[in-house]
Amino acid sequence: MSSHLSSAQIGLLEADLQQRRRQLESQLAAHNDGLTRAEHAHEMLAQDVRDAARREGERELDLTLSDRETRELAGVKQALVRLQGGDGPYGRCVDCDADIPYARLKIEPQALRCVACAAAHEAVLRRNA
């Protein structure tokens with residue numbers, strides 16, 4: 001854990017992460033109607049095939065939303081592990097090892113990179129897309 005964060009800041013960030021984890025878990029459960037992702041996908045495929053084109057668009061949107069929530073939940077869980085002292089330091093950039101400012105962590109407590117490295121990383125992702 002980075003020493004640039006006070007214990008009060010760490011407590012607030014952990015509370016934010018725990019709240020977001022609960023929200024995402026609830027959203028995913030509601031989104032999937034309590035089913036596993038595979039069961040939910042199977043149920044969507046089994047729906048009325050007479051309007052296949054419209055259903056295909058709905059399935060794509062459904063899976064995209066589920067994927068986004070699942071990725072964010074994984075990031076939140078990983079941040080909680082780092083915050084509790086495992087799997088690398090919390091609050092340090094994975095690329096340049098600089099402290100990630102509290103203001104950035106308050107907005108995105110699961111952030112892995114400082115603003116400069118995040119921008120560079122996103123630029124690489126866009127180029128490779």
Side-chain angles (χ1 to χ4, degrees):
M1 181 168 348
S2 184
S3 62
H4 76 286
L5 299 171
S6 71
S7 57
Q9 290 171 326
I10 292 167
L12 290 171
L13 292 168
E14 183 172 15
D16 289 347
L17 285 163
Q18 292 289 2
Q19 179 181 4
R20 186 62 181 148
R21 180 190 53 80
R22 286 188 300 274
Q23 287 173 339
L24 288 165
E25 288 172 345
S26 177
Q27 283 174 236
L28 279 165
H31 182 94
N32 292 331
D33 299 321
L35 303 172
T36 67
R37 179 177 165 85
E39 291 167 338
H40 178 69
H42 182 267
E43 188 173 281
M44 287 193 71
L45 287 171
Q47 293 175 354
D48 188 3
V49 294
R50 289 176 287 174
D51 194 3
R54 183 177 64 85
R55 294 272 184 210
E56 180 63 28
E58 289 174 3
R59 279 192 299 273
E60 287 296 318
L61 178 60
D62 183 74
L63 291 173
T64 299
L65 291 173
S66 178
D67 286 348
R68 183 182 313 158
E69 291 167 346
T70 301
R71 278 191 308 273
E72 184 178 354
L73 180 58
V76 167
K77 287 179 176 180
Q78 289 169 349
L80 283 165
V81 168
R82 288 192 314 277
L83 191 65
Q84 295 164 358
D87 196 30
Y90 179 81
R92 308 245 346 139
C93 178
V94 297
D95 292 341
C96 71
D97 201 38
D99 289 338
I100 299 173
Y102 175 71
R104 172 159 171 70
L105 291 169
K106 188 67 180 149
I107 294 167
E108 187 182 357
Q110 69 271 24
L112 290 171
R113 293 175 175 83
C114 65
V115 172
C117 290
H121 180 76
E122 290 169 13
V124 168
L125 292 176
R126 279 193 303 274
R127 270 196 311 271
N128 293 335

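- With sequence neighbours excluded, no residue forms a side-chain contact (heavy atoms from CB on, under 4.5 Å) with Ala129.
- Here Asp16 contributes atom CG and Gln110 contributes atom CD; the two are 10.0 Å apart, rounded to the nearest 0.5 Å.
- Here the side chain of Tyr90 pairs a donor or acceptor atom with the backbone of Pro109 at under 3.5 angstrom.
- With sequence neighbours excluded, no residue satisfies side chain to side chain donor-acceptor pair (under 3.5 Å) with Lys77.
- Here the CZ-OG distance, from Arg71 to Ser66, works out to 9.5 Å after rounding to the nearest 0.5 Å.
- A donor-acceptor contact closer than 3.5 angstrom is absent between the side chains of Gln19 and Arg22.
- A salt bridge links Glu25 with Arg21; the closest basic N to acidic carboxylate O contact falls under 4.0 Å.
- No single ILVMFWY cluster, assembled from side-chain heavy atoms under 4.5 Å apart, contains both Leu83 and Val94.
- Leu105 is connected to Val76 through a chain of hydrophobic side-chain contacts under 4.5 Å among Ile, Leu, Val, Met, Phe, Trp and Tyr, so both are in one cluster.
- A distance of 12.0 Å separates CD in Glu14 from OG in Ser7, rounded to the nearest 0.5 Å.
- Atom CG of Leu73 and atom CD of Gln23 lie 11.5 Å apart (nearest 0.5 Å).
- Separating the CG atom in Leu13 from the CD atom in Gln18 is a distance of 12.0 Å, to the nearest 0.5 Å.
- Considering only heavy atoms from C-beta on, Gln9 stays 4.5 Å or farther from Lys106 through its side chain.
- With sequence neighbours excluded, the residues satisfying side-chain contact (heavy atoms from CB on, under 4.5 Å) with Asp97 are Arg92.
- Side-chain atoms of Arg104 come within 3.5 Å of backbone N or O of Arg113 as a donor-acceptor pair.
- The backbone N or O of Ile100 sits less than 3.5 Å from a side-chain atom of His4, completing a donor-acceptor pair.
- Side-chain heavy atoms closer than 4.5 Å link hydrophobic residues (I, L, V, M, F, W, Y) into clusters, and following such links, even through other members, never connects Leu112 to Leu5.
- Interatomic distance, CG of Leu17 versus CG of Leu12, reported as 11.0 Å (0.5 Å rounding).
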